[in-house]
There are 2 protein chains.
Amino acid sequence: MDGIRILIVDDQPLVRRGLRSVFEGLPGIVTVGESPDGLDAVRDVRRLRPDVVLMDVNMPRMDGLEATRRICAPERNNGTRVIILTMYDRDEHVFEALRTGASGFLLKDSPTSTLEQAVREVAAGEALLSPSVTRRLIGEFARRPSLSTPGADLGHLTDRELDVFRLLVCGHSNQEIARMLVLGESTVKSHVQHLYQKLGVRDRVQVVIYAYENGLIDRRLLPA
Amino acid sequence: MDGIRILIVDDQPLVRRGLRSVFEGLPGIVTVGESPDGLDAVRDVRRLRPDVVLMDVNMPRMDGLEATRRICAPERNNGTRVIILTMYDRDEHVFEALRTGASGFLLKDSPTSTLEQAVREVAAGEALLSPSVTRRLIGEFARRPSLSTPGADLGHLTDRELDVFRLLVCGHSNQEIARMLVLGESTVKSHVQHLYQKLGVRDRVQVVIYAYENGLIDRRLLPA
DNA sequence: GGTGGTCTCCCCCGCCCGGGGGAGACCACG
DNA sequence: CGTGGTCTCCCCCGGGCGGGGGAGACCACC
């Protein structure tokens, strides 16, 4: 491996040129391409297989957030990581951007040394945010104590109880769970009762609340 | 103001000495004191009023997390901000630490330039994390879309329906809601039916899920 | 005065769910 | 071989809930 391969995505040629010049000459970093919008970026990622994408947010045809979502989609991600580059750090954009799967979020006025550091960290599998973004994220995080205790001990649940648990917290009825697991409804009810006892709750609603409050929700299982 | 005043908290004298030497000679940064444990640190913060505290985690008498909680407690905080310094970045510690009110979380093996940058950013009201910590935080954050899309339009709900909604998503039964709002259970059931229609869901479990997925949960209303 | 919305409460019904118990089968551990 | 745990399913029961309809009272608007 002869360096970190980066792809620059921005609709303004001048910005692309500027970024390219920032990384030109930095050891171990090679700019392998530029894309003028999100749609092209998704295509170019498949073609060029860069290690890191520097992604603008506001672009025609497809914005950077949607492009990032597609690039980071687990089903066909090949290791490419994305750093979002934007002018603004308003909360909505930040929080939405961090959900897209990006590994970094930097303001465009960041010093070039920060850009370089970010690329290197992200290529190594770590993440880096602008300080003001970090502040917002911590603030949002701290506002919800539930976030911070991921994975309450579900260890005492048996495998089957866990199966039922996962479907229950998605909003399925006992009957539906029975069908999905190919079980009798009686069996499901039995497992559900054990869940109540073990989790110390009263009914299925409180199981759902318990799950969310303890960060046990896997969104990919949620019904559309 | 003639510089950023920092307080160094660590139970190992050698670490304190090392940190002090890092900041010695850096323009605009003055070490105003050292504390060997959390209890002393809380006292020293009141006495010395530093701008930034560099806080170790594992210490006798009182650990760094509890000390940080006390220092950052809103009722008597005077602007002092805390950077947690630790050897490890295991998830439990990270998430717990970020809830204490700290503005930074750095590993002890961070380069001195990072330490300096962190102190300056934090003193300016921003925040800074080690890249591996940032990665964990983003990962945890991204796991919950509910955090980031606050306020799906509940505007079409009437005031009374909203009252019922808030209690329902806390896990209360129709009977309990009726008692709390001083209503007949029939009335509550009526409102609940309207909720189902307006939110497009089937039962109370799915109302709870809807609420969480749309960031509509006010944790302060949750039962203990 | 009529119309529409909200809030309140009533009736009915059927079903799913909470809760209790028991039982047979399998497997692992000692 | 017994014991314990898990998984499966059964019985019973009562009550809460989902779903439908209707009705009276208040208020605002036109």
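Residue numbers begin at 1 in each chain, while the letters A, B, ... track the order of the sequences. Excluded from the calculations below are hydrogen atoms, water molecules and symmetry mates; all remaining heavy atoms, backbone and side chain alike, are included.
Taking atom CG of B/L195 as the reference point, atom P of D/dG19 lies 13 Å away to the nearest angstrom.
B/Y212 and A/E213 are linked by a side-chain donor-acceptor pair at a separation below 3.5 angstrom, with hydrogens and angles left out of the test.
Shown here, C/dC11 forms a base pair with D/dG20; the pair counts as Watson-Crick or G-U wobble because both key distances fall under 3.5 Å.
Taking CG from B/L157 and CG from B/L199, the interatomic distance works out to 5.5 Å, rounded to the nearest 0.5 Å.
Taking side-chain N and O atoms only, B/T158 has no distance below 4.0 Å to OP1 or OP2 of C/dG5. A/H194 has no side-chain polar atom (N or O) that falls below the 4.0 Å cut-off from OP1 or OP2 of D/dT6.
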| remark: Under a 4.0 Å heavy-atom criterion, the protein footprint on nucleotides 17-30 of chain C, written with B, S and -, is BBB-----------

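Ranking D/dC7, D/dC9, C/dC7 by closeness to the A/T187 side chain, first place goes to D/dC9. Closest contact between the side chain of A/H191 and the listed nucleotides C/dC9, D/dT8, C/dT6 involves D/dT8. Counting only heavy atoms from C-beta on, B/L183 has its side chain closest to C/dC9 among D/dC10, D/dT6, C/dC9.
Between B/I71 and B/M55 the shortest side-chain heavy-atom distance falls below 4.5 Å.
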| said: Using salt bridge (Lys or Arg N to Asp or Glu O under 4.0 Å), reason through A/E176 and A/R179 one step at a time and then give a plain yes or no. | reply: CA-CA 5 Å; A/E176 290 169 341; A/R179 271 197 294 271; 5.2 Å; no

